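Before any comments, here is the structure.
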Amino acid sequence: VQLQASGGGLVQAGGSLRLSCAASGSSFNVMGWYRQALGKQRELVAAISSGGTPDYADSVKGRFTISRDNAKNTVYLQMNSLKPEDTAVYYCFQGGPRVYWGQGTLVTVSS
């Protein structure tokens with residue numbers, strides 16, 4: 001399984017970005033996003049079950065929305081009201097008996 005993430009970039013505080021992550025094969029496993037800021041541990045941002053049930057880190061609730069298109073094997077992360085503390089490399093993942101990771105996409109939020 002290969003995961004291809006895209007959509008990162010530079011945005012001003014208060015702005016929006018949409019991340020996408022396409023998996024090479026069909027998946028009925030949980031998919032989602034982690035992020036890792038410079039000097040910090042990787043943290044879970046959001047995850048979504050195959051049935052569409054989302055889960056969010058407290059820090060992003062109300063600002064980020066995760067969704068998936070099972071027909072396209074793709075998971076999305078809509079990020080609104082971005083803050084400088086959201087700056088990080090975002091990694092998509094697909095769970096299951098083995099966890100697969102995307103290559104990471106950098107999100108930079110300027111103040």
Side-chain angles (χ1 to χ4, degrees):
V1 176
Q2 292 184 330
L3 301 176
Q4 182 68 42
S6 61
L10 174 64
V11 65
Q12 288 187 333
S16 298
L17 283 174
R18 188 192 194 207
L19 306 184
S20 299
C21 178
S24 60
S26 61
S27 172
F28 298 98
N29 294 310
V30 63
M31 298 183 73
W33 298 87
Y34 274 75
R35 68 185 180 187
Q36 187 166 21
L38 192 63
K40 295 187 177 181
Q41 290 188 330
R42 191 174 294 194
E43 63 173 352
L44 178 65
V45 176
I48 187 167
S49 70
S50 59
T53 301
D55 190 25
Y56 299 96
D58 288 342
S59 59
V60 306
K61 283 181 180 177
R63 300 188 298 122
F64 291 10
T65 301
I66 190 169
S67 61
R68 67 188 291 166
D69 185 335
N70 290 333
K72 295 182 178 179
N73 304 319
T74 300
V75 62
Y76 306 95
L77 186 67
Q78 178 66 43
M79 305 185 294
N80 299 329
S81 302
L82 283 161
K83 304 175 181 180
E85 51 263 44
D86 294 318
T87 296
V89 177
Y90 284 69
Y91 298 91
C92 62
F93 73 94
Q94 176 182 300
R98 175 181 170 179
V99 179
Y100 295 92
W101 295 94
Q103 81 281 14
T105 184
L106 177 62
V107 172
T108 304
V109 184
S110 63
S111 57

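Model, not experiment: these values are computed from the prediction. Both backbone and side-chain heavy atoms feed into the values below; hydrogens, waters and symmetry mates do not.
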Within this structure, what is the [atom1]-[atom2] distance for the pair [X] and [Y], rounded to the nearest 0.5 Å?
| X | Y | atom1 | atom2 | answer |
| --- | --- | --- | --- | --- |
| Gln36 | Leu106 | CD | CG | 12.0 Å |
| Trp33 | Cys21 | CH2 | SG | 5.0 Å |
| Gln103 | Tyr91 | CD | OH | 9.5 Å |

**OP:** For the residue pair Phe64 and Tyr90, categorise the inter-ring angle as parallel (less than 30°), tilted (30 to 60°) or perpendicular (more than 60°).
**Re:** tilted
Only pairs under 3.5 Å count here: list side-chain donor-acceptor contacts from residues 39-52, not counting sequence neighbours, and write none if there are none.
unit_1, atom_1, unit_2, atom_2, d
Glu43, OE2, Arg35, NE, 2.7
Glu43, OE2, Arg35, NH2, 3.2
Ser49, OG, Gly51, N, 3.3
Ser49, OG, Gly52, N, 3.3
Ser49, OG, Thr53, N, 3.0
Ser50, OG, Phe28, O, 3.3

Original post:
Is the number of heavy atoms from other residues, nucleotides or ligands within 6.0 Å of CD (Glu85) greater than 12?
Top reply: yes
Subject >> Non-hydrogen side-chain atoms of Val107 and Met79 separated by less than 4.5 Å >> reply: yes
Original post:
Are any of the side-chain heavy atoms of Ile66 and Tyr76 separated by less than 4.5 Å?
Top reply: no
Are [X] and [Y] joined in one hydrophobic group, where the rule is that I, L, V, M, F, W and Y side chains link up if heavy atoms are under 4.5 Å apart?
| X | Y | result |
| --- | --- | --- |
| Leu77 | Val99 | no |
| Val30 | Tyr100 | no |
| Val75 | Trp101 | no |

Under 3.5 Å, sequence neighbours excluded: what are the donor-acceptor pairs made by side chains of residues 3-19?
unit_1, atom_1, unit_2, atom_2, d
Ser16, OG, Asn80, OD1, 2.9

**OP:** Compare every heavy atom of Ser81 with every heavy atom of Arg63, then report the nearest pair and how far apart it is.
**Re:** NH1-O, 3.0 Å
Subject >> Ring-ring centroid check Tyr34 Phe93, cutoff 6.0 Å >> reply: yes
Original post:
Under 3.5 Å, is there a donor-acceptor pair between the side chain of Ser24 and the main chain of Gln2?
Top reply: yes
Original post:
Are the side chain of Asp69 and the backbone of Lys72 linked by a donor-acceptor contact shorter than 3.5 Å?
Top reply: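 Side chain of Asp69 to backbone of Lys72: a pair is present.
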Original post:
Any Lys/Arg nitrogen of Asp58 or Lys61 sitting under 4.0 Å from an Asp/Glu carboxylate oxygen of the other?
Top reply: yes
